[in-house]
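For reference, the structure is listed below as structure tokens.
In each ligand, atom 1 is the first atom listed, and ligand 1 is the first ligand listed. This is a predicted model, so every value here is computed, not measured.
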Amino acid sequence: MKTTAVTHENITCSVLAVPPLARHADLSLNREANKALIHHMESGGVRTLLYGGNANFYNIPVSEYAEVLDFLEETVGADTWVIPSVGPDYGKMIDQAAILRQRKFPTAMILPLMFPSTDAGAMDGIRRFSDAFAQPVIIYIKNTTFLQPESVEVLAREGRIAAIKYAIVRDAPEQDEFLTRLLQLVDKSKVISGIGERPAIVHLRDFGLSGFTSGSVCVGPRGSMELLRAIQSGNFLEAEQLRAAYMPLEDCRDALNPIRVLHDAVTAAGIADMGPMLPMLSRLDSKHQAHLGVISKALLAHDKALDLRNL
Ligand SMILES: N[C@@H](CC=O)C(=O)O
């Protein structure tokens, strides 16, 4: 596992994949299936794995946290960066800080607590967590109420922020007052687009964000990595073409539930059996599985057909 500190180069060298986590029927960690998924992503060029919402870290038991972290650390390649998530509640994140501090992860992402929290309370929790972890953190902005841009600026000035995952969904991502305000206050090189392939071109080209996170990259790693490269080199027509392959799966994720659909898409594509979902989530109803099988297999086949010249 790569353990170097968070730098602009680290953030921009790879799509930040946000994978699901495979489990056995008894909900224990399925090492072989997770290994297969990690190798699939790495063989497509992905070098950053962010274990967060899609892995249902919202609900991961603290008693299992060390086992999962150690498994990820020993399973990924030497040049792959793993970013675990913590929280979303304060009690969980402060217990996780003690576990993280004994390990070599250079940062962790704080999952946003939707309720009950306040802006000032979230700042307090983030400060206490970053002190306990003794590393800068990734802030996850998923709505307009968890943390205000002015509060993020204060935390950034205090040196606590390694990066910001910006994930407020807009019908038209070009119009985004919150993001515009945020970028007036913090260094834009620290801000990552956090909603997959769909808004990635607008976020990187028009707002100057540094990179993007993706769940669908777990099914189609090559195309998503090529999309990142195309945007970075200003080939936006090529970027649009590359992104098109992801839209059937992204449409299905947005229509049903992004986390649940991704979990089952990895299984349906035949990459690895993700098994059941950790409560409080559950797998998709059987009526959606046939359609998901078709679109996830099509994305995987499309991805395998891409050549590897840029990887
Ligand atoms: N939510 C996005 C990016 C990950 O956080 C996705 O799952 O594609």
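- Note: Gln135 CD to Thr107 OG1 = 7.5 Å, rounded to the nearest 0.5 Å.
- Taking distance alone, with nitrogen or oxygen atoms compared against 3.5 Å, Glu250 stays at or beyond that limit from ligand 1.
- The part of Asn54 lying near ligand 1 is the side chain, judged by heavy-atom distances below 4.0 Å.
- A salt bridge does not link Arg260 with Asp264: none of the charged nitrogens is closer than 4.0 Å to a carboxylate oxygen.
- With hydrogens left out, the protein atom closest to atom 3 (C) of ligand 1 is Thr213 OG1, 3.0 Å, a heavy atom.
- Residue Val18 approaches ligand 1 through these ligand atoms, each under 4.0 Å from one of its heavy atoms: 4 (C), 5 (O).
- For ligand 1 and Gly196, the ligand atoms under 4.0 Å from any heavy atom of the residue are 2 (C), 3 (C), 8 (O).
- The closest side-chain donor-acceptor pair between Thr12 and Gln232, if any, does not fall under 3.5 angstrom.
- Under the 3.5 Å distance criterion, the side-chain polar atoms of Ser117 are matched with a main-chain donor or acceptor of Leu113.
- Contacts with ligand 1 closer than 4.0 Å are made by side-chain heavy atoms of Lys165 only, the backbone lying farther away.
- A salt bridge is absent between Arg229 and Glu238; no separation between the charged side-chain nitrogens and carboxylate oxygens falls under 4.0 Å.
- Ligand 1 has no atom lying under 4.0 Å from any heavy atom of Glu197.
- Note on Ile195: it does not cluster hydrophobically with Leu299, by side-chain heavy-atom contacts below 4.5 Å among ILVMFWY residues.
- Polar contact check, Tyr140 against ligand 1: no nitrogen or oxygen pair lies under 3.5 Å apart.
- Between Gly215 and ligand 1, a contact under 3.5 Å exists for at least one N or O pair.
- When atom types are taken as modelled, the side chain of Lys188 and the backbone of Leu183 share no donor-acceptor pair closer than 3.5 angstrom.
- For atom 7 (O) of ligand 1, the nearest non-hydrogen atom of the protein is Arg253 NH2, 2.7 Å.
- Side chain of Gln96 to backbone of Gly87: a donor-acceptor contact under 3.5 angstrom is found.
- In the candidate list Ala17, Ser224, Gly194, Pro258, Gly194 is nearest to atom 1 (N) of ligand 1, counting heavy atoms.
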